[in-house]
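Working notes, structure below.
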Amino acid sequence: MRPRSSCAQKAILRAKTYLVVTLIACFTLPWLSGCGIPKLCCVDPNPYIPTDYKGKTSTDNVANVGVYEFFNDQALAQLIAEGLASNQELKIRNQEIQVARNEILARRGAYLPFVSVGAKGGFDRTSKWTPLGAAEEQLLTPRGGEFPDPLPNVGLTANLFWRVDIWRELRNARDAAMQRYAEAVEVRDYFVTRLVAEIAENYYELTALDQRMVYLNQTIAIQKQSLEVAKAQKAAARGTELAVQRFIAEVRKNESQLLIVQQDIIEIENKINFLCGRYPQPVQRTSWDFVNLDSSMLGVGVPVQLLQNRRDIRAAERELSAAGLDVLVARAQFFPRFDITASVGYEAFNPRYLFDPGAFIASTAGELVAPLINKAAIRAEYQSANARQLQAVYDYQRTVLNAYTEVVNRMAKVENYRKSVEIKQSQVAALEQSVEVATNLFQNARSEYVDVLFSQRDLLEARVDLIETKQQQLSAIVNAYQALGGGYLLTSQGTTYKDIRCLTTPYLPGEVIDVPTPEDMPEELSPEEDSLPPLPSEAALSATTLDAIEP
């Protein structure tokens, strides 16, 4: 056996040294780069949601009652259906969902290998007075000829780039995009509940204004009768011009108020038209006397059900989850990044040799890169991600607190205004009787015109107050329904806006829905993802992130 030469021994030694250095780098880079990760801040503790609404709970929850069953008004149902079909802001929310959905697709492709193809062409001339130029001067082509000067170069290659997702950085970014997609859906659904409530609230205000018109016309008619009586008494020398002028002034005041109410009706009608996505036109509505919105339907359930029924709370929960994943994405920047590149193709100085077997080229490489020095930017982004996560925590707590407070305030308003309506109804009944008595006495010259004037004025004011109080009670019922999560279900059988969003005509109560999604309108989720993505479990989050969100 021939002994190895010194050159061979040196080459073997260099190879062993390179292997050892490579192994040491692979094991130490993650440790070195992972050192110095700043500690995250913790969130302040928050009190638990109460178990009742100031002592009030119920076995049923009005959030499970459909919109059409709750309001039970065909004219209002028509307006709500048109609003859900044509409201422009709702359409904007739908497009925001599509943007969020496309973001998932973009994030999903980031952790898969990228394959590209390309062609190149050019020429190169090297100085003959350089080592490379002098060596090229002596080279011959495989067929014995000289290489042209300048030297052309053409090629066709297929290239691969793959960033191996060792620390789940790219997949966590994808999961965060999925959570924000689900958040966009919840924000859209919360807007649906607000749109339903706003249309209903303006609808009841419109019917209240109609009734004010009725009362004003009735009052004007009565005052004109009293005016004629005053004129007759003046002609018979039993009255004065003062009574006549006072009645004229009162009639003119109410006629002026009539025009103001008419303007209010126009504005409320057009507000409803705007919410329904249509140009100004008359709004069909029922009479005030037939408005029957029963507050006894407001089953409050228990406060914890708000977490499921309130779409704004569900949206805040999704944002909280996405923010936690963003922290993991930022944390992965401290650790090494492993990239794989490869390419195959053909390269030659003449296109006619391009597909010759000798023109075949191939290369592959792996790169392990980790930050060691000057990690201020990475550290700042990590801490910013933690700050945004804490913002999401506090926003979630604030949203829950606000939802609970809204329910308590609106349920109290419903009850107090209900009692106030009952008292005002007794007041109006008494004043109606006083107007009748005062009018009879005045016509028989047994009382002064002032008694008639004041009694009519008091009756009109009491009627207006009764209408406004009743309208505020209806508004409180509508808002309490929305605060409890109502307005998401169109019918108690489970029909939602998602089921009708692709309809070309408004969906009305009692219609059967069997409408496929048009081909030009992508699904909110693919068939295999027919429900919103679940919130990640605590096991899916790192201990560092859990420390940041738990008190």
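Side chain of Asp339 to main chain of Arg163: no donor-acceptor pair is present (N/O by atom type, distance under 3.5 Å, no hydrogens or angles). Counting only distance, with no hydrogens or angles, the side chain of Arg188 and the backbone of Leu90 share no donor-acceptor pair below 3.5 Å. In this structure, Thr157 contributes its side chain and Asn159 its backbone to no donor-acceptor pair below 3.5 Å. At least one donor-acceptor pair under 3.5 Å links the side chain of Asp499 to the backbone N or O of Thr496. With hydrogens and angles ignored, the 3.5 Å screen pairs a side-chain donor or acceptor of Trp167 with a backbone N or O of Pro336. Under a 3.5 Å cut-off, the side chain of Asp165 and the backbone N or O of Arg171 do form a donor-acceptor pair.
Side chains of Leu84 and Tyr507 form no contact here, defined as non-hydrogen atoms less than 4.5 Å apart. Taking the side chain as every heavy atom from C-beta outward, Tyr68 and Gln74 never approach each other to under 4.5 Å. Within the 4.5 Å cutoff, the side chain of Gln179 has no heavy atoms near those of the Asp326 side chain. Contact of the Val327 side chain with the Tyr382 side chain is registered, since non-hydrogen atoms from C-beta on lie closer than 4.5 Å. Val393 has its side chain within reach of Leu320: a pair of non-hydrogen atoms, C-beta onward, lies under 4.5 Å apart. Inter-residue side-chain proximity for Arg410 and Gln482 is flagged as met; some heavy-atom pair is nearer than 4.5 Å. Put simply, the side chain of Tyr497 does not reach to within 4.5 Å of the side chain of Thr193, judged on heavy atoms. Contact annotation: the side chain of Gln308 approaches that of Arg314 to within less than 4.5 Å [non-hydrogen atoms, C-beta and beyond].
For Thr405, there are no side chain to side chain donor-acceptor pair (under 3.5 Å) partners at least two apart in sequence or on another chain. Every side-chain contact (heavy atoms from CB on, under 4.5 Å) that Thr57 has, sequence neighbours left out, goes to Asp52, Val302.
When only modelled atom types and interatomic distance are considered, Gln78 and Glu82 share a side-chain donor-acceptor pair under 3.5 Å. Checked by atom type, the side-chain pair Tyr203/Asp73 shows a donor-acceptor distance below 3.5 Å. Between the side chains of Glu406 and Asn402, at least one donor N or O sits under 3.5 Å from an acceptor N or O. Looking at Asn273 and Gln281, their side chains never bring a donor and an acceptor atom within 3.5 Å of each other.
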Item to complete: Step by step, work out the side-chain contact (heavy atoms from CB on, under 4.5 Å) result for Gln333 and Arg379.
Response: CA-CA 9 Å; Gln333 298 294 320; Arg379 187 178 294 108; over 6 Å; no
Discussion item. Let's go through Arg388 and Glu381 carefully: what are the C-alpha distance in whole Å and the side-chain angles of both, what is the deciding distance for salt bridge (Lys or Arg N to Asp or Glu O under 4.0 Å) to 0.1 Å, and is it a yes or a no?
Written reply: CA-CA 10 Å; Arg388 288 190 292 269; Glu381 177 57 30; 2.9 Å; yes
Practice prompt. In sequence, state the C-alpha distance, the side-chain angles, and the governing distance for Arg93 and Val187, and then conclude on side-chain contact (heavy atoms from CB on, under 4.5 Å).
Written response: CA-CA 8 Å; Arg93 305 278 179 172; Val187 169; 3.3 Å; yes
Practice prompt. For the pair Tyr404 and Tyr53, evaluate ring-ring contact (aromatic ring centres under 6.0 Å, His included) and give the outcome as yes or no after the intermediate values.
Written response: CA-CA 8 Å; Tyr404 179 84; Tyr53 298 106; 5.4 Å; yes
Practice prompt. Give the C-alpha distance, both sets of side-chain angles, the deciding distance and a yes or no for side-chain contact (heavy atoms from CB on, under 4.5 Å) between Asn202 and Leu79.
Written response: CA-CA 11 Å; Asn202 284 281; Leu79 293 173; over 6 Å; no
Worksheet item: Can you list the steps and then say if Leu489 with Glu69 is a side-chain contact (heavy atoms from CB on, under 4.5 Å)?
Response: CA-CA 10 Å; Leu489 295 176; Glu69 288 87 354; over 6 Å; no
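In this structure, Asn94 CG and Lys91 NZ are separated by 9.5 Å, a value rounded to the nearest 0.5 Å. Rounding to the nearest 0.5 angstrom, the gap separating the CD1 atom in Ile80 from the CG atom in Leu275 is 11.0 Å. Here the straight-line distance linking atom CG of Asp395 with atom CG of Leu390 works out to 12.5 Å at 0.5 Å rounding. Annotation: the span from Asn350 atom CG to Asn153 atom CG amounts to 11.5 Å, rounded to 0.5 Å. Separating the OH atom in Tyr396 from the CG atom in Asp312 is a distance of 10.5 Å, to the nearest 0.5 Å. Taken to the nearest 0.5 Å, the CG atom of Asn479 stands 5.5 Å off from the CZ atom of Arg194.
Between Leu484 and Asn309, the shortest heavy-atom distance links the atoms O-CB, 3.6 Å. For the pair Gly485 and Ala63, the tightest heavy-atom approach, listed with the atom from each and the gap, is C-CB, 3.8 Å. Closest approach of Ala119 to Leu156, counting heavy atoms only: CB-CD2, 3.4 Å. Val67 and Gly487 get closest at one heavy-atom pair: CG2-CA, 3.6 Å. Minimum interatomic distance between Val185 and Ile97 (heavy atoms only, all atoms of both residues): CA-CD1, 3.8 Å. Counting all heavy atoms, side chain and backbone alike, Ile199 lies closest to Cys276 at CD1-SG, 4.4 Å.
Sparse packing is recorded around CZ of Arg107, with 12 or fewer heavy atoms of other residues, nucleotides or ligands lying under 6.0 Å away. Sparse packing is recorded around CZ of Phe274, with 12 or fewer heavy atoms of other residues, nucleotides or ligands lying under 6.0 Å away.
For the salt bridge (Lys or Arg N to Asp or Glu O under 4.0 Å) with Arg180, the lone residue among Glu186, Glu103, Glu96, Glu319 that qualifies is Glu319.
For Lys498 and Asp189, the salt-bridge test fails: no basic side-chain N is under 4.0 Å from an acidic carboxylate O. Taking 4.0 Å as the cut-off between side-chain N and carboxylate O, Glu347 and Lys120 count as a salt-bridged pair.
Aromatic ring pairs are classed by plane angle as parallel below 30°, tilted from 30° to 60° and perpendicular above 60°; the pair Phe71 and Tyr481 is perpendicular. In this pair, Phe161 and Phe114 present their aromatic rings tilted. The plane angle is within the 30 to 60° band.
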